[in-house]
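Each remark here refers to the structure printed beneath this line.
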Amino acid sequence: MTSPEALSPEEARAELERLASRIAELDEAYYRDDAPLVTDAEYDALRQRNAEIERLFPDAILKNSPASRVGTAPSSAFAKIRHRVPMLSLDNVFDAEEFAEFCARARRFLNLPASPRFVAEPKIDGLSISLTYENGILTRAATRGDGMEGEDVTANVRTLRDVPQTLHGEAPGFIEIRGEVFMSKAAFLELNETQARLGQKIFANPRNAAAGSLRQLDASVTASRPLALFAYAQGESSAPVAETHWDYLARLKEWGFIVNPLSELIEDENAAAAFTTRIATERSTLPYDIDGVVFKIDDLSLQRRLGFVGRAPRWATAWKFPAEQATTVLEKIDIQVGRTGALTPVAHLQAVNVGGVLVTRATLHNEDEIARKDVREGDTVILQRAGDVIPQIVSVVLEKRPDSAQPFAPLEHCPVCGSLAVRPPGEVVRRCTGGLTCEAQVVERLIHMVSRPAFDIDGLGEKSIIEFHRDGLVSGPADIFRLPTREEEIARRDGWGALSARNLSQAIEARRSIPLDRFLYALGIRRIGETNARLLARHYGSFTEWRTQMLAARQIGSDERLALGSITGIGPTIAEELVDFFAEPRNIDTLDELAGMLTITSPSGGLSSAASDSPLNGKTIVFTGTLQAMTRPEAKARAEAMGAKVTDSVSKKTDFVVTGTDSGSKAKKAAELGIRTLSEEEWLALAGEG
Ligand code: IVH
């Protein structure tokens, strides 16, 4: 990779464009999908390169620079804070025997004649935080990060009610206090309800919700989320504050912190098991999730002598509980129909409390999973909730199976529209073939269409779509954009009113203009997620061009079909989904009706001026053979940054074929079609590297 110093201003601009779009893609995967595409180190390296180029070429800084982006909070958007004392984790034990071994190890290490005293505290399922106070005033708050370095979340933490801004009473001039930020079960369920109403991200469990709420670039979002804190440990301190952990907890309370009220002094190791058993029985009635009990040797001088092994102290351990289980009756296996017709079996259960959360449903994933566990309607089943709200079915209690219980038979027809339901060979999912005649698919598509990464219509979430559809206000996509003409009718609806109806109309009007990539995503075509929608939008550039090309691509073997399948990242399977969509005349009608009500603009994150001036702008280019000076991905990125489209196979539409060493059939095809081929040297010259 060219070092930042060696870049020309044009190259710097192109590189910043490339970095911005790559970082946005990675952020999306990490924050929205919880599915990171690269390691943290690789991600950080990209951000560092971006920062370095911005420093050297301040004129080239983009308006949407990753360095200034607000919204999803990339970890590196927070300043790093190095912990003066590392924030460690705890080793686990799972039963009395393992706990006895932990005690024996500590006693051997210290040559103690008798068991030391312990403090026991519930192990809260949240995220740990370090709070620094200087002269009694909160000056810094950091997440644990990798234990050595965390993120500076001071502004966010200042909005937490349980965090004192100043310490009450006497305290050392410098002191770092540690504790757990968490969200109560009730607050978590309420937050998810609000999120669902607004069509926004649903959190899987209270811990995720707490972490997501704390790591917000906009502190007012954190302030609106009900986060709580229990204080439980010390970091660096300019003067000692206690001789025992128990006394330290008392000081924390004096200073204004909340210490978990269930914490207790445990006289010796024999008393530990009784405490654990008691907390385990109280667990489901506690207002917050816990996953065990932490035992800490009380005497701080013993703690100092014991020190650490690896990343965990020798003076503390976590006695972990098993996942929370409950037994109930599975009343019915229901089949849900998704946006693309996927049929998902869902278990309807006799309501049961699993770890303090009332559960009435569990996912059964697919028909193979049901067969594997031999789950039947009427069965008594064991459920398990491991922090998450949706439980899993662990097993069936066979002794309780009613004689009448029948094995689950996969449906041959869609339960909503009655169309044939098919399971293609090699796939686990069965699908309804009804397409737009299936009401379930229609509603799911509408919900998808208004969701955040698509049209992002404020105030129009899942619940409203279901109701509007039920009452005939929207039956297809275009009806969304007719809602403003029915504002008065909406205002009269239950739970609405003039103001919210007005706001909805405005939110809809504001989205009549939409970038092509979002529009393509909003269509909800199978396998066209945000990334593929962006690839298509970049490749075709305009709605009209895309539409024309797709219609032509219906012809098997056509140039347009070949070109579609050879867009890097698209490939034949995705091409087929698009062609299938265009093979259905009603889809085209729906598409045209919708498009007619909108202004579809060029893809978001358009080309830089460097790209539009470049000789490659708008050209289609194929790389073949081995390049010496740069890898294939780098060559591709370079060409795209200069406005070119890179495809995998040669067709009439190809403008250039760059031939490295050992280029075979593609070079031959180019020659046959009379397409200009470039040597690596010629390509480098074009790319500004020659
Ligand atoms: S003490 C060196 N006390 O558990 C000991 N940790 O597995 C530092 N946790 O990262 C931790 N409740 O996030 C301690 N009462 C408690 C805790 C607790 C929850 C979390 C904490 C830590 C993790 C270690």
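All figures in this text were calculated on a predicted structure; none of them were measured in a lab. For ligands, and for the atoms within them, numbers begin at 1 and follow the listed sequence.
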Carboxylate-amine/guanidinium proximity below 4.0 Å for Arg49 and Glu52:
no
By number and element, which atoms of ligand 1 are closer than 4.0 Å to a non-hydrogen atom of Pro122?
12 (N), 15 (N)
Note, Glu151 side chain near Asn156 side chain (heavy atom, < 4.5 Å)
no
Looking at side-chain heavy atoms only, is the closest gap between Arg107 and Glu269 below 4.5 Å?
yes
Which heavy atom of the protein is the closest neighbour of atom 8 (C) of ligand 1, given with residue, atom name and distance?
Leu88 O, 4.0 Å
Checking Tyr248 side chain against Ala233 main chain: does a donor-acceptor pair fall under 3.5 Å?
yes
Atom 24 (C) of ligand 1 [closest protein heavy-atom partner, distance rounded to 0.1 Å]:
Leu90 N, 3.6 Å
When you look at Phe230 and Tyr288, which way does the ring pair (Phe, Tyr, Trp, His ring centres under 6.0 Å) test go after all the steps?
CA-CA 11 Å; Phe230 283 132; Tyr288 42 81; 5.4 Å; yes
Could an N or O of ligand 1 be found under 3.5 Å from any N or O of Ile124, whether backbone or side chain?
yes
Starting from atom 2 (C) of ligand 1, find the nearest protein heavy-atom neighbour and note its residue, name and distance.
Pro313 CG, 3.6 Å
For atom 22 (C) of ligand 1, the protein heavy atom that lies nearest, with its residue and separation
Tyr232 OH, 4.2 Å
Look at atom 3 (N) of ligand 1 and find which of Glu180, Lys123, Lys296 reaches it with the closest heavy atom.
Lys296
Is the Tyr232-His245 ring centre distance short of 6.0 angstrom?
no
Salt bridge present between Glu530 and Arg534 (N-O < 4.0 angstrom)
no
As an exercise, identify every atom of ligand 1 less than 4.0 angstrom from a heavy atom of Arg144.
10 (O)
Test item: His83 side-chain N/O and Thr143 main-chain N/O as donor-acceptor pair under 3.5 Å:
yes
Tell me whether ligand 1 is touched by Ala316 - counting only heavy atoms on the residue side and a distance under 4.0 Å.
no
I'd like to check whether Trp315 has a polar contact with ligand 1, where a contact means an N/O of the residue lying under 3.5 Å from an N/O of the ligand.
no
Nearest neighbour in protein (non-hydrogen) for atom 15 (N) of ligand 1:
Glu121 OE1, 2.7 Å
